[in-house]
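Residue numbers count from 1 along this sequence.
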Amino acid sequence: MINVPRGKAVVRVPATSANLGPGFDSLGLALTLHDEVEIEIGTTGGLSVDVEGEGAGQVGAGEDHLVVRSMRAAFDLFGVKQPDAVRMVCRNRIPHGRGLGSSSAAICAGIVAARALAFPAFPEGGGDAPSEDALLILATEIEGHPDNVAPCLAGGLTIAWTEQSGVPRMVKLTPHPDVRPVALVPGHRLSTEVARGLLPAQVPHADAAANAARTALLVAALTTRPERELLMAATEDRLHQGYRAPAMPRTADLVQRLRGIGVPAVVSGAGPTILAFSTGDTQDLIAPEVGNDWHIQPLDVETHGAGVVSAETR
């Protein structure tokens, strides 16, 4: 095993929204809301973790921290000896437990920072550094499924799937510049495990066929024609949102009301955040329907995935 050089890396990772309605466990979109993680490798001092912003005082500040666990898993994969002294600062803006990919952001931050520190000559890949495919495999192994980690690593709109061999893969697409996502974030959280636990083991064939058609249409709408009529049809879902509604009744109610006035709205990931697609003829309809209990956050699609802001070795 090799020793990781002393040094510091700062990485920036985007929030993500998975599923986008019909694309259950396959579609994901990177958003212009970011966490930033600074990791410094020294020679003395053990492990130090400071969390600023979202999750401060609530998440663990030791070896159980998800960024730390992901960084160490990456060092093991890369054949790098675990450093004894690590100072980490997490500056979080992505809400936790809201369906905006906070756990995927933490995982990708740890992995990308580990690569930058272990391979300072190639902090963002290339040369002898692990490939993006290798990072996706490790991130999926930690997260459990690739739909959020794929757009977090790659940016843009991603289609993720798992080969019969169990290896995750992804394709990155560029959304149309007129795609305008709006996140409607409630004050309460929802566990992804709770939301997944409500899904049935089997669904009707007709529902699966309907979602397959809508998923294909959604890819076309987001990349070529993000028009209100197409987005409304393309964001229909029969596979997961209805089954999860009992766990987030306010989210389900608002999605239904927004769609009732013609706003393409879906549950973001496992919820309870809602992702709406704002078009020229719907942008003024959202706020009056939402009220004061939700934070309305207009965003753009983040075209770049997790990346190194700066890296240095000593």
### Among V266, L217, L275, N19, side-chain contact (heavy atoms from CB on, under 4.5 Å) partner for T235
V266
### Message
Using the rule that Ile, Leu, Val, Met, Phe, Trp and Tyr join whenever any side-chain heavy atoms are under 4.5 Å apart, tell me whether V89 and V59 fall into a single cluster.
### Response
no
### Message
As a quick check of understanding, evaluate side-chain contact (heavy atoms from CB on, under 4.5 Å) for T223 and L157, giving each step before the final call.
### Response
CA-CA 9 Å; T223 56; L157 171 68; 4.0 Å; yes
#### Entry: H304 atom NE2, neighbour heavy-atom count above 12 within 6.0 Å
no
#### Entry: Backbone of G262 reached by a side-chain donor or acceptor of R228 within 3.5 Å
yes
### Summary
ring-ring contact (aromatic ring centres under 6.0 Å, His included) filter on F78, not counting sequence neighbours, yields F119
### Query
Honestly curious: do V51 and L47 fall in one hydrophobic cluster under the side-chain, below-4.5 Å linking rule?
yes
### Task
Give a yes or no on whether the backbone of H96 and the side-chain of S102 come within a donor-acceptor separation of less than 3.5 Å.
no
#### Entry: side-chain contact (heavy atoms from CB on, under 4.5 Å) assessment of L117 paired with V80
CA-CA 10 Å; L117 290 163; V80 172; over 6 Å; no
### Message
Any non-hydrogen side-chain atom of V171 less than 4.5 Å from a side-chain atom of W161?
### Response
yes
### Query
Heavy-atom distance under 4.5 Å between the side chains of P22 and L218, does that happen here?
yes
### Query
Is a side-chain donor or acceptor of R259 paired with a backbone partner of A265 at a separation under 3.5 angstrom?
yes
### Message
Can you tell me how far apart CG (L198) and NE2 (H240) are? Round to the nearest 0.5 Å.
### Response
12.5 Å
### Summary
Minimal heavy-atom distance between P151 and T158, with the atoms involved, is CD-OG1, 3.1 Å
### Side chains of L231 and V179 in contact at under 4.5 Å (non-hydrogen atoms)
no
### Query
With side chains defined as the heavy atoms from C-beta onward, is the minimum distance between S268 and L100 less than 4.5 Å?
yes
### Task
Provide the closest heavy-atom pair for I39 versus A113 in the form atom of the first, atom of the second, distance.
CD1-CB, 3.6 Å
### Message
Main chain of S278, side chain of T282: is a donor-acceptor contact present, judged purely on distance under 3.5 Å?
### Response
no
### Single-linkage hydrophobic cluster, 4.5 Å side-chain cutoff, L254 and I261 together
yes
### Query
So, R93 side chain and G53 main chain: donor-acceptor pair closer than 3.5 Å or not?
no
### Task
Determine whether R180 and D300 make a side-chain contact, defined as any pair of heavy atoms from C-beta on separated by less than 4.5 Å.
yes
### Connected via hydrophobic side-chain network under 4.5 Å: L29 and L230
no
### Task
First locate atom CE of M170, then atom CD1 of I159, and finally report the distance between them rounded to the nearest 0.5 Å.
12.0 Å
## Note on the structure
Rounded to the nearest 0.5 angstrom, the CG-CG distance for L258 and D253 is 9.5 Å
### Query
L33 and P95: which non-hydrogen atoms are nearest, and at how many Å?
CD2-CD, 3.9 Å
### Other residues, nucleotides, ligands: >12 heavy atoms within 6.0 Å of E63 CD
yes
### Message
Quick one, P14 and L31 - any side-chain contact, counting heavy atoms below 4.5 Å?
### Response
no
### Message
Under a 3.5 Å distance rule, please check whether R238 uses its side chain to pair with a backbone N or O of A210 as donor and acceptor.
### Response
no
### Task
Answer yes or no: are there more than 12 heavy-atom neighbours, outside R250 itself, under 6.0 Å from its atom CZ?
yes
### Contact summary for A160 and A150, nearest pair of heavy atoms
CB-CB, 4.1 Å
### Query
What distance separates L190 CG from R244 CZ, expressed to the nearest 0.5 Å?
8.5 Å
### Message
Check whether K172 reaches the backbone of T303 with its side chain - one donor and one acceptor, N or O, closer than 3.5 Å.
### Response
yes
### Message
To the nearest 0.5 Å, what is the distance between OG1 on T140 and CG on L153?
### Response
8.0 Å
### Message
How close do G62 and V68 get, counting heavy atoms only, and between which atoms?
### Response
O-CG2, 3.8 Å
### Query
Where do L27 and T215 land on the side-chain contact (heavy atoms from CB on, under 4.5 Å) test, with the steps shown first?
CA-CA 8 Å; L27 294 186; T215 301; 3.9 Å; yes
### Message
Quick one, S191 with E193, criterion side chain to side chain donor-acceptor pair (under 3.5 Å). Give me CA distance, side-chain angles, the key distance, then yes/no.
### Response
CA-CA 5 Å; S191 163; E193 289 72 22; 2.9 Å; yes
### Query
Going by an N to O cut-off under 4.0 Å, is there a salt bridge joining D76 and R72?
no
### Query
What is the distance from atom CG of L184 to atom CD1 of I286, rounded to the nearest 0.5 Å?
6.5 Å
### Query
If Ile, Leu, Val, Met, Phe, Trp and Tyr residues are connected whenever their side-chain heavy atoms lie under 4.5 Å apart, and connections chain through other members, are F277 and V185 in the same group?
yes
### Message
Keeping E143 on the side-chain end and H145 on the backbone end, is there a donor-acceptor pair under 3.5 Å?
### Response
no
#### Entry: Set of salt bridge (Lys or Arg N to Asp or Glu O under 4.0 Å) partners for R91, sequence neighbours left out
E36, E38, E52
### Task
Measure from the side-chain N and O atoms of R98 to the backbone N and O of H188, and report whether any donor-acceptor pair falls under 3.5 Å.
yes
### Query
Do the non-hydrogen side-chain atoms of V267 and M248 ever get within less than 4.5 Å of each other?
yes
### Task
State plainly whether the residues R115 and E132 are in salt-bridge range, i.e. N to O under 4.0 Å.
yes
### Message
A side-chain contact here means heavy atoms from C-beta on lying under 4.5 Å apart; do M71 and V86 qualify?
### Response
yes
### Task
Check the pair E54, I94 against side-chain contact (heavy atoms from CB on, under 4.5 Å), reporting the backbone distance first and the verdict last.
CA-CA 7 Å; E54 295 286 340; I94 303 172; 5.9 Å; no
### Task
Over all heavy atoms of both residues, which pair between C152 and T16 is shortest? Give the atoms and the distance, please.
N-CG2, 3.5 Å
